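Counting convention: from 1, in listed order, for ligands and their atoms alike. A quick note: this is a predicted structure, and the numbers were derived from the prediction, not measured.
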Amino acid sequence: MPTLLNIQSSPRGQNSLSRTLSQDFVTAWQAKHPEGKIVVRDLAETHLPYVGVPWITGVFLPTDQHTDEMRQALALSDALIAELFAADEILIGTPMYNFTVPANLKAWIDLVVRPRVTHSGPPDRKGLVTGKTCTLIIASGGVYDAGQPAAASDYESGYLRRVLGFIGITEVDVVLAGGTAAVSFGSATIDELADKFRPAVRAAVR
Ligand SMILES: Cc1cc2nc3c(=O)[nH]c(=O)nc-3n(C[C@H](O)[C@H](O)[C@H](O)COP(=O)(O)O)c2cc1C
């Protein structure tokens, strides 16, 4: 029975293209895996903290030297990491904000990229979250596909591939769902725009 970890970051609910397309992905995934389990991590609702001194210190100290504050900071990180290890497939639906990931997704990344837990640290620097596949659905106002003038300003898809690969998640499909400015300015509906990306989203379902 495969498990899909569905991570969502847009705060825009039904007006969100990344959520609309992620829902299509989930529906197609369920049809393919009727017995499958889906775990949702909604970063627009979870309000993760930024890593601070108790987390940073605790990460490098043996557990028997942890203070209560460190234990508390690491417990959330442990829970998010456990979700990753328990998943066979990961879906990340996210907007592009200022050419990269939104702050809530970055907060999640900072909590799950952890030496000796999700990567080995030096000298090997091996990712430890292996055997997973991941699909990224990235919605943006502009269009960043290869060959487009703005393509070089996409600091999100390459960054996500890099950081996921760093913890061992190397099999990553990316759907760049650009062009939501047309919806914001009223020249297209979200469904019309979504239709353009639905074939790529369905093709990404394993
Ligand atoms: C704070 C903020 C920053 C944004 N930065 C960019 C950007 O750098 N490039 C871009 O193409 N669109 C940008 N946008 C537009 C969003 O990427 C676009 O609205 C996208 O559809 C949001 O994803 P969602 O539809 O899933 O909510 C930005 C929007 C906001 C609110």
Side-chain angles (χ1 to χ4, degrees), residues 4-30 38-51 80 83-84 87 89-113 132-165 169 172-206:
L4 173 69
L5 174 60
N6 176 8
I7 300 168
Q8 294 298 312
S9 106
S10 172
R12 299 202 307 146
Q14 290 186 339
N15 297 318
S16 155
L17 181 63
S18 59
R19 281 183 189 263
T20 301
L21 294 174
S22 294
Q23 190 47 54
D24 282 2
F25 181 99
V26 168
T27 303
W29 190 88
Q30 277 173 317
I38 297 177
V39 174
V40 179
R41 173 57 67 176
D42 192 330
L43 302 177
E45 285 177 6
T46 313
H47 301 295
L48 296 175
Y50 300 148
V51 295
L80 297 171
E83 286 178 352
L84 263 185
E89 297 187 35
I90 299 146
L91 167 66
I92 301 180
T94 176
M96 173 186 284
Y97 282 173
N98 300 310
F99 307 110
T100 189
V101 292
N104 61 8
L105 183 53
K106 182 59 164 55
W108 178 84
I109 290 167
D110 289 346
L111 288 165
V112 301
V113 177
K132 323 280 179 200
T133 56
C134 179
T135 302
L136 305 175
I137 298 177
I138 301 176
S140 55
V143 177
Y144 296 85
D145 297 296
Q148 294 291 325
S153 300
D154 169 15
Y155 292 92
E156 181 162 19
S157 59
Y159 166 68
L160 283 170
R161 271 189 197 280
R162 175 70 184 102
V163 76
L164 290 166
I169 304 169
V172 179
D173 283 335
V174 180
V175 178
L176 284 184
T180 64
V183 179
S184 307
F185 288 99
S187 56
T189 66
I190 188 142
D191 243 7
E192 283 164 356
L193 186 63
D195 278 346
K196 202 171 137 188
F197 303 108
R198 286 190 163 114
V201 166
R202 287 185 195 132
V205 175
R206 295 171 177 92

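In terms of N/O distances under 3.5 Å, ligand 1 is approached by Y144. In terms of N/O distances under 3.5 Å, ligand 1 is not approached by P95. The shortest N/O to N/O separation between T180 and ligand 1 falls below 3.5 Å. For ligand 1, none of its N or O atoms has an N or O atom of Y97 under 3.5 Å away.
Within the 3.5 Å criterion, the main-chain N or O of A139 finds no donor-acceptor partner in the side chain of S18.
Counting atoms of ligand 1 from 1 in the listed order, those under 4.0 Å from a heavy atom of G142 are 10 (C), 11 (O). Of all the atoms in ligand 1, the ones that sit under 4.0 Å from a non-hydrogen atom of S18 are 24 (P), 26 (O).
When heavy-atom distances to ligand 1 are checked against a 4.0 Å cut-off, S16 comes that close through both its backbone and its side chain. Here R12 has side-chain heavy atoms under 4.0 Å from ligand 1, and that is the only part of it that gets that close.
Looking only at protein heavy atoms, the nearest one to atom 12 (N) of ligand 1 is G141 N, 3.1 Å. Atom 5 (N) of ligand 1 has as its closest protein heavy atom N98 N, 2.8 Å. Scanning the protein heavy atoms around atom 16 (C) of ligand 1, the nearest turns out to be M96 O, 3.6 Å. Among all protein heavy atoms, the one lying closest to atom 8 (O) of ligand 1 is F99 N, 2.8 Å. Among protein heavy atoms, the minimum distance from atom 27 (O) of ligand 1 is reached at S10 OG, 2.7 Å.
Under the side chain to side chain contact (heavy atoms under 4.5 Å, CB included) test applied with F25, the options T135, V175, N6 reduce to a single match, T135.
In this structure, T46 OG1 and I7 CD1 are separated by 10.0 Å, a value rounded to the nearest 0.5 Å.
Between W29 and I38, the closest side-chain pair of non-hydrogen atoms falls below 4.5 Å.
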